[in-house]
K.L.:
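Questions regarding the structure given below will be posed in turn.
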Amino acid sequence: MTDPRRTLAPLALSVPLVLAAHLLIGADLGLGRMLSLAFGAPADAFAEIRFQQSTLPRIAMALLVGAALGLAGSLMQQVTQNRLASPLTLGAASGAWLATVIVTLAAPAIAAAHGAWVAMGGATAAFGLVVAITGLRGLSGLQAVLAGMAVNLVFGAVAGAVVLLESPYFAHLFVWGAGDLGQNGWTWVTWVWPRLAAGIAVALCLGRVLSLLRLGTAAAEGRGLALAGGLAVAMATGLFLTSVAVTAAGLIGFVGLIAPNMARRLGARRPVAELAASAAAGAVLLLLADTAAVGLNSVARDLVPTGAAAALLGAPALIVLMRARLSAADHARYELPAGPARPARATLALLAAGLVAAAIVAVALAPTEAGWRLARPDALIWSLRWPRLVVAAAAGAGMALSGLILQRLIRNPLASPDILGMSSGATFALVGTAMLTGASIFEVGSLAAIGGAMGVLVLLLVLSRRHGQAPATVALIGISLAALLDALVKVALATGSQDSFAILSWMGGSTYRATPTAALALAAAVALAALALALLRRWLTLVAAGDAVALARGLPVGPVRTALMALAAALAAAVTAAMGPVGFVGLLSPHVAAMLGARRAGEQIGLSLAVGAGLMLVSDWLGRVALYPMQLPAGTIASLLGGAYFLVLILRRSRG
């Protein structure tokens with residue numbers, strides 16, 4: 001058995017090194033003066049006051065919050081016996097964040113007085129949703145991580161909608177949501193440490209529970225362990241520590257995932273030793289991430305949040321861990337959702353009528369100061385409204401086609417441009433280009449978006465190739481890539497400037513700025529892509545059947561896969577460039593088409609187009625009327641509707 005002191009020694013030795021680097025970058029005082037100030041010497045100059053009231057509390061917060069996240073991650077991994085479990089991957093962190101955002105905006109006094117318990121409620125609700133999807137026994141598998149990351153996406157869409165409505169008045173939520181360790185005094189340090197100490201005390205009392213749990217649930221209960229109670233206490237402690245970290249510093253991911261794995265790599269074997277080593281590793285990791293953030297801030301124009309720096313370090317580590325854990329391919333061919341063999345004529349008629357009705361309602365029905373009004377719009381309203389409607393319908397159709405291509409190409413029923421990170425790649429490319437060139441996000445061309453989407457897709461297929469693009473592999477790696485790129489985008493949002501507000505509005509999938517030229521261009525591009533796919537429907541059929549079948553039928557799989565990848569990426573990028581990221585439409589539309597009876601590629605193309613266009617038309621209309629006179633972006637509404645469907649889909653697959 002490994003000596004715990006040998007496990008903790010490398011971590012203890014690394015703290016002074018990382019601390020020295022942090023001080024060297026973040027403070028411009030001599031070592032002797034810093035030591036005297038640290039031990040209570042009075043500060044005279046501004047630099048000395050900043051060192052005492054900002055630099056030192058920031059370092060303390062990094063160590064405390066990192067330890068809390070590391071300990072929470074270790075508890076979750078030991079309870080679930082899943083090395084990929086963490087506050088991030090089980091959805092707890094996003095649940096705590098969403099609850100804190102909502103209560104901060106709706107009842108700031110309650111959030112200020114009881115922030116940790118508000119976050120605890122959100123974290124518990126998010127984790128409960130994951131358990132409802134997977135079941136208790138499913139927490140040990142990859143399905144729990146997939147469900148947790150799906151919860152992150154859905155809760156992130158809700159939080160984005162809430163912040164978007166209030167962003168001009170709550171700019172600090174940009175920084176806090178990205179994970180902020182900046183301090184102005186010792187208030188938060190004195191708030192965190194007693195709660196962390198309480199969590200540590202409870203965790204150390206769980207040694208026997210966690211030890212018996214490693215023997216299996218039956219063996220543990222046979223030795224007198226009240227399994228349900230012990231697991232509930234352990235998980236509640238992990239959720240509480242997560243809530244403390246989120247309340248104090250915002251959303252900081254990946255530390256709780258990497259720290260326990262690092263502790264085991266260093267030799268921690270016994271449960272209590274792993275808890276201690278994980279807390280120490282978490283403290284070191286977050287201090288290292290904050291050092292990187294401080295270093296970037298010294299050369300960058302804008303504020304780089306610590307959470308973004310942690311994601312830059314942690315997302316690649318998550319991909320490495322998943323590739324090491326995942327098994328070989330778990331599929332051989334594309335499996336369509338259950339549905340009739342052919343679409344019924346009545347179904348097609350109802351779908352066509354619904355699409356026409358959605359277009360009419362979107363054009364003619366709207367609230368006014370005098371109440372609801374159904375009438376033909378005048379020339380001015382029509383000139384403003386029709387480009388938005390065309391962009392929304394074309395965007396829905398384009399994302400539906402992109403999702404259809406990816407699902408058949410990768411033979412992955414969970415594939416879509418946003419789930420696989422392609423939309424994030426296009427978003428990152430557009431935002432990065434805008435920041436580098438100084439241009440508005442609305443002026444950056446689609447070529448940058450296409451390059452970003454293509455880059456992500458190529459990287460995704462390369463990373464998942466050893467597993468044959470298995471559904472769980474592709475989905476998890478894609479979500480990890482999306483998290484990495486989203487962290488980079490948060491750097492642009494963290495300043496809370498007017499540019500950040502514009503970028504956030506655009507990221508909601510807004511049709512506000514649609515012009516006739518852009519609307520017609522996007523519609524023409526989607527129409528050409530649909531025509532090309534209709535002509536190439538045999539390709540879609542064969543690649544979905546498997547490489548062996550496709551090769552036996554004479555299809556050159558390599559060139560065909562490249563061409564289809566390029567088309568899917570181009571569609572997602574064109575939509576993203578026109579109105580911002582649109583979530584879940586590419587996932588939902590092909591599934592609905594298949595459930596309506598579109599089993600063949602040609603039929604699925606047509607029905608997916610109609611479903612995607614209709615969904616975005618309805619979403620754009622709801623965004624305009626739901627909170628009149630305020631408006632929500634169509635992409636945000638679509639993400640909420642599609643995200644709910646995604647959770648239901650995972651629930652059905654896990655119970656099937």
Side-chain angles (χ1 to χ4, degrees), residues 8-31 33-35 37-38 47-48 50-71 73 88 175-176 178-186 188-189 192-193 196 245 248-259 261-263 265-266 277-318 483-484 487-488 490-492 494-495:
L8 294 173
L11 297 172
L13 292 175
S14 64
V15 170
L17 297 177
V18 180
L19 180 60
H22 195 293
L23 292 174
L24 182 64
I25 296 173
D28 52 359
L29 301 172
L31 178 60
R33 186 56 179 162
M34 284 192 288
L35 288 174
L37 290 170
E48 296 177 347
R50 185 179 67 178
F51 178 78
Q52 279 190 334
Q53 300 300 319
S54 179
T55 302
L56 289 180
R58 179 169 185 147
I59 291 172
M61 280 291 290
L63 294 172
L64 292 172
V65 172
L69 291 172
L71 185 57
L88 172 71
V175 180
W176 175 75
D180 178 37
L181 287 179
Q183 300 297 306
N184 186 21
W186 292 85
W188 278 108
V189 174
V192 170
W193 78 259
L196 173 60
L251 197 59
I252 298 177
F254 298 102
V255 173
L257 170 70
I258 300 172
N261 285 281
M262 180 184 292
R265 282 291 187 93
L266 292 174
S278 298
V284 172
L285 287 171
L286 191 53
L287 184 60
L288 180 62
D290 194 54
T291 302
V294 171
L296 291 172
N297 286 329
S298 65
V299 297
R301 179 185 62 184
D302 297 328
L303 173 68
V304 178
T306 305
L312 294 178
L313 298 175
L318 174 59
L484 174 61
L488 294 173
K490 282 182 179 179
V491 173
T495 59

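Keep in mind that the numbers below use all heavy atoms, side chains included, and drop hydrogens, waters and symmetry copies. Sequential numbering from 1 along the given sequence is applied to the chain's residues.
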K.L.:
Rounded to the nearest 0.5 Å, how far apart are CG of Leu285 and CG of Leu69?
P.N.:
10.5 Å

K.L.:
Ignoring hydrogens, what is the shortest heavy-atom contact between Gly70 and Ala259? Give both atom names and the distance.
P.N.:
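Nearest heavy atoms, Gly70 then Ala259: CA-CB, 3.9 Å.
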
K.L.:
Would you compute the distance between atom CG of Leu286 and atom CD1 of Ile252 and round it to the nearest 0.5 angstrom?
P.N.:
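So the CG of Leu286 and the CD1 of Ile252 are separated by 5.0 Å.
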
K.L.:
Checking side-chain hydrogen bond (donor to acceptor under 3.5 Å, both in side chains) against His22, which of Thr291, Thr55, Asp290 comes through?
P.N.:
Asp290

K.L.:
Below 4.5 Å, heavy atoms only, C-beta onward: do Val15 and Val284 meet side chain to side chain?
P.N.:
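Counting from C-beta outward, Val15 and Val284 do come under 4.5 Å.
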
K.L.:
Is there side-chain contact between Arg265 and Asn261, with heavy atoms separated by less than 4.5 Å?
P.N.:
no

K.L.:
When rounded to the nearest 0.5 angstrom, what is the spacing between OG in Ser278 and CD1 in Ile258?
P.N.:
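It comes to 12.0 Å.
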
K.L.:
Quick one: closest heavy-atom pair of Ala310 and Gly253, and the distance?
P.N.:
CB-O, 3.9 Å

K.L.:
Partners of Leu64 by side chain to side chain contact (heavy atoms under 4.5 Å, CB included), sequence neighbours excluded?
P.N.:
Val189, Val192, Trp193, Leu196

K.L.:
Side chain to side chain contact (heavy atoms under 4.5 Å, CB included) with Leu56: which residues, sequence neighbours excluded?
P.N.:
Ala38, Phe51, Trp186

K.L.:
At their closest point, which heavy atom of Val255 faces which heavy atom of Gly66, and how far apart are they?
P.N.:
CG1-O, 4.1 Å

K.L.:
Side-chain contact test, heavy atoms from C-beta onward, threshold under 4.5 Å: evaluate it for Leu287 versus Ile59 and give yes or no.
P.N.:
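Side-chain contact under 4.5 Å: yes.
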
K.L.:
Find the distance between CG (Leu29) and CG (Leu35) and round it off to the nearest 0.5 Å.
P.N.:
11.0 Å

K.L.:
Restricting to side chain to side chain contact (heavy atoms under 4.5 Å, CB included), what partner residues turn up for Gln183, sequence neighbours left out?
P.N.:
Pro57, Arg58, Met61, Trp188

